[in-house]
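Please read the structure below before turning to the comments.
Per chain, numbering begins at 1; letters A, B, ... match sequence-line order.
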Amino acid sequence: DAGVIQSPRHEVTEMGQEVTLRCKPISGHDYLFWYRQTMMRGLELLIYFNNNVPIDDSGMPEDRFSAKMPNASFSTLKIQPSEPRDSAVYFCASSFGIGESGIQYFGAGTRLSVL
Amino acid sequence: AQSVTQPDIHITVSEGASLELRCNYSYGATPYLFWYVQSPGQGLQLLLKYFSGDTLVQGIKGFEAEFKRSQSSFNLRKPSVHWSDAAEYFCAVGAGGTSYGKLTFGQGTILTVHP
């Protein structure tokens, strides 16, 4: 398997624009996670899905952020409108199972810069 | 809520020297613990995990970690460091209860290896 695939790898946009980050999980995995990594806050979980259904979105910072998983092989994280403080590296991870039985595999990340 | 502390932000060792990266966790029940490594521009890769059983766990790339309940620690060790081990290392604890499956990461330790 190619692993978790994220696109784009880098995104530069201007404040107020809509940004869409994409993720393709490992085939057969039933959990998908979105994380954000910043110098100040480290790596924090934003939201995760089980079988395409959002389970916990308590980490989503505000209503400007939304995530969807229309099918088992694709998820998006959208920021509208974007702000400079959203600049970070966004990671997607997937796992088969959760907790003790689920190992999360991470994509290479999308580095977002909002000017 | 669970938390993870990695006391050392940056560690420098010489190639061939031994390595120990510290990790302390806070969690009310028996935790499940992970060490991940992140190379520059890459996603996180799992080094090893502890769920139960033997408190000394072996991982990839010659790494091992020891779970010490009395000290709430899960330190990562390697007897002889290679230049390719230079990266950032993250300790993570998995949650139970209503937060089952969520990982909380430490702030990371950057490892520099001198020739």
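- Using a 4.5 Å cut-off between heavy atoms, B:Q45 makes no contact with chain A at all.
- A distance of 7.5 Å separates CD of B:Q38 from CG of A:L43, quoted to the nearest 0.5 Å.
- Hydrophobic clustering of Ile, Leu, Val, Met, Phe, Trp and Tyr side chains at less than 4.5 Å, counting indirect connections, keeps B:F90 apart from A:Y90.
- Summarising the local packing, CG of A:D63 is surrounded by 12 or fewer heavy atoms from other residues, nucleotides or ligands at distances under 6.0 Å.
- By number of non-hydrogen pairs under 4.5 angstrom with chain B, the leading residue of A:R41, A:Q37, A:R111 is A:Q37.
- Each of A:I5 and A:F106 belongs to its own hydrophobic cluster when Ile, Leu, Val, Met, Phe, Trp and Tyr are linked at side-chain heavy-atom distances under 4.5 angstrom.
- Residues B:F34 and A:I103 form a side-chain contact, since some pair of their non-hydrogen atoms from C-beta on lies under 4.5 Å apart.
- No path of Ile, Leu, Val, Met, Phe, Trp and Tyr side chains, each step under 4.5 Å between heavy atoms, connects A:L21 with A:F33, placing them in separate hydrophobic clusters.
- With a 6.0 Å radius and a threshold of 12 heavy atoms from other residues, nucleotides or ligands, B:I60 has its CD1 atom above the threshold.
- Looking at B:L46, only its side chain comes within 4.5 Å of chain A, counting heavy atoms on both sides.
- Following chains of ILVMFWY side-chain contacts shorter than 4.5 Å, one cannot reach B:F105 starting from A:L32, and the two form parts of different hydrophobic clusters.
- Of the two parts of A:Y31, neither the backbone nor the side chain holds a non-hydrogen atom closer than 4.5 Å to a non-hydrogen atom of chain B.
- With values rounded to the nearest 0.5 angstrom, B:Q42 atom CD is found 9.0 Å from A:F91 atom CZ.
- When heavy atoms are compared at a cutoff of 4.5 Å, A:S58 approaches chain B solely by way of its side chain, counted from C-beta outward.
- Atom CD of A:E83 is surrounded by more than 12 heavy atoms from other residues, nucleotides or ligands within 6.0 Å.
- Only the side chain of A:R9 comes within contact range of chain B, with at least one heavy atom under 4.5 Å from a heavy atom of that chain.
- With a threshold of 4.5 angstrom between heavy atoms, B:Y50 does not approach chain A through any atom at all.
- Neither A:V4 nor A:M69 shares a network with the other; the hydrophobic side chains, linked directly or stepwise wherever heavy atoms of I, L, V, M, F, W or Y lie under 4.5 Å apart, form separate groups for each.
- The environment of A:Y105 atom OH is sparse: at most 12 non-hydrogen atoms of other residues, nucleotides or ligands sit within 6.0 angstrom.
- Of all non-hydrogen atoms in B:L103 and A:Y35, the two that sit nearest each other are CB-OH, 3.9 Å.
- Residue A:L45 touches chain B through its side chain alone, counting heavy-atom pairs closer than 4.5 Å.
- At a 4.5 Å heavy-atom cutoff, the contact between A:Q104 and chain B is made by backbone and side-chain atoms alike.
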